[in-house]
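Please read the structure below before turning to the comments.
These numbers come from a predicted model, not from an experiment. Residue numbers begin at 1 in each chain, while the letters A, B, ... track the order of the sequences.
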Number of protein chains: 2
Amino acid sequence: MWLTVTSLLRNPGAIAYPGAVADHVDRVVAQWAAERPDLDVSPMEVFGRLKRLYRVVDAALNRTFAEHGLDAASFDVLATLKRSGPPYRLTPTGLMQSAMVTSGAITQRLDRLEARGLVTRTRSDQDGRSREVALTPEGHALIERALPAHLATEVGLLEGLDDARTAALVDAMRTLLAALGDGEE
Amino acid sequence: MWLTVTSLLRNPGAIAYPGAVADHVDRVVAQWAAERPDLDVSPMEVFGRLKRLYRVVDAALNRTFAEHGLDAASFDVLATLKRSGPPYRLTPTGLMQSAMVTSGAITQRLDRLEARGLVTRTRSDQDGRSREVALTPEGHALIERALPAHLATEVGLLEGLDDARTAALVDAMRTLLAALGDGEE
DNA sequence: GAAGAATGTCTTAGCGCTGAGATACATTGG
DNA sequence: CCAATGTATCTCAGCGCTAAGACATTCTTC
């Protein structure tokens, strides 16, 4: 006697909610079960939903960013500088690590933000290779306006999730990220 | 006396794992608490981790796709055709809805796959506006090779997550997706 | 059955990102 | 103190995507 991930995951929602409608991922899994019954596709229950959730959330957040003349990339840079606290200065490398993008992406993000007068880039005194990126008053004002709206959008997205499931979701993602080595090195 | 989402979410991992190391999102939340203690940034516990998890997973899956001469977009199309079952034919619109991308993106994906001889595109008999996309024998063979490798990668990614948390993660994502209207319309 | 609306696909300009590599500066070891 | 190595940033070609719209075909309504 042995357990597959499948047996644990097959329609867990059906247990909690007997009348629950099958979602997109349920249909995908059912299709695979018909086409390749020899394969255990239960991991798709996790990753299929992760991908769809990310896309739905991303689209919703982008709508709010656009209302403030921003996109996710620009908001990310301004918010990272803001939350770093006084004097609201970071190096491109620091921004790069926080954003999980390449150095080239950060260079271009900063080009755009600098052209709009939202950040400044100055040479570092301590290290001639490095730059210091700082929020301008305009950048400061913009992120102060956009942040509460962004949080309101996030609260709205979580409206349909009860507190227990929200906590469980955070706990699982935290555990998984730790297991995958995120946040340590 | 009232509860904020914050009080429910603040370091839930610390309860389950007293010695748990703070992750990237914990640091972000702590920074906001110092800079803007008036704001409840607890929703970021969810969305910050969703974003990072998506990126880490995406990178890992792409590595496996690349080993088979594929990327996520191409794999997605081939897998969607494969799991649709005999005769392994779908319209671009069907592929578009499954992939959550625009029609232009599907056109370009199909251009690339057609050029590599992995799919064919023919006029539909029933509807002159529509096309029928079908797997070629080469496309069939490629997805048959890539799919088990892909599943193995997914199983590996879930290694660090115990069964209870895996089930809770799926349940929460399913609930949230349903609340956000995914999979119904 | 013709006009207008709707649908399915393709086209194209523009965007942000990656990967590879260039450049400038800093650090280390002999 | 110099050479070799490492680090921080920028450059740029190429990629896949979106948004807007073109075009052909089908459906709807009168």
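- Between B:Ile106 atom CD1 and D:dG16 atom P there is a gap of 13 Å when expressed in whole angstrom units.
- In this structure, B:Glu114 atom CD and C:dT9 atom C1' are separated by 13 Å, rounded to whole Å.
- When only modelled atom types and interatomic distance are considered, A:Asp127 and A:Ser124 share no side-chain donor-acceptor pair under 3.5 Å.
- Taking side-chain N and O atoms only, B:Arg121 has no distance below 4.0 Å to OP1 or OP2 of C:dT9.
- Here the P atom of nucleotide C:dT11 and the CD atom of B:Gln108 are 10 Å apart, to the nearest Å.
- Backbone-only engagement by A:Gly128 is indicated by non-hydrogen atom pairs under 4.0 Å involving sugar-phosphate atoms exclusively.
- Mapped onto DNA chain C by nearest heavy atom, B:Pro92 and A:Ala73 fall at different nucleotides, with B:Pro92 at the one closer to the 5' end.
- Residue contacts shown for B:Thr91 are limited to sugar-phosphate atoms, with no base heavy atom under 4.0 Å away.
- Between B:Arg131 atom CZ and C:dT7 atom C1' there is a gap of 13 Å when expressed in whole angstrom units.
- Taking the six-membered ring where tryptophan is involved, the planes of A:His140 and A:Tyr88 are perpendicular, since the angle between them exceeds 60° and thus also 30°.
- For A:Ser103 against D:dC10, a side-chain N or O and a base N or O form a donor-acceptor pair under 3.5 Å.
- In this structure a side-chain-to-backbone donor-acceptor pair under 3.5 Å is present from A:Thr136 to A:Gly117.
- Proximity note for B:Thr107 (side chain, C-beta onward) versus D:dC17, D:dT18, C:dT9: the nearest is C:dT9.
- Across all strands, A:Ala105 comes closer than 4.0 Å to base atoms (heavy-atom distances).
- Between the CD atom of B:Gln126 and the P atom of C:dT7 there is a distance of 19 Å, given to the nearest Å.
- Between B:Asp71 and A:Leu110, the one whose closest nucleotide on DNA chain D sits nearer the 5' end is A:Leu110.
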Item to check | A:Arg36 vs B:Glu144, salt bridge (charged side-chain N to carboxylate O under 4.0 Å, His left out): CA-CA, chis, key distance, verdict | outcome: CA-CA 10 Å; A:Arg36 288 294 303 267; B:Glu144 288 278 2; 2.4 Å; yes

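- Rounded to an integer number of Å, the gap from B:Asp127 CG to D:dC27 P is 6 Å.
- At whole-Å resolution of the value, CE in B:Met100 and P in D:dA19 are 13 Å apart.
- The phosphate of C:dG8 (OP1 or OP2) has no side-chain N or O of B:Ser130 nearer than 4.0 angstrom.
- Between B:Met96 atom CE and D:dG16 atom C1' there is a gap of 17 Å when expressed in whole angstrom units.
- For the 3.5 Å distance criterion, the side chains of B:His68 and B:Arg145 fail to qualify, holding no donor opposite an acceptor.
- Applying the 4.0 Å criterion to OP1 and OP2 of D:dC17, one finds that B:Arg112 has a side-chain N or O inside that range.
- One can find a donor-acceptor pair under 3.5 Å joining the base of C:dT7 and the side-chain atoms of B:Arg129.
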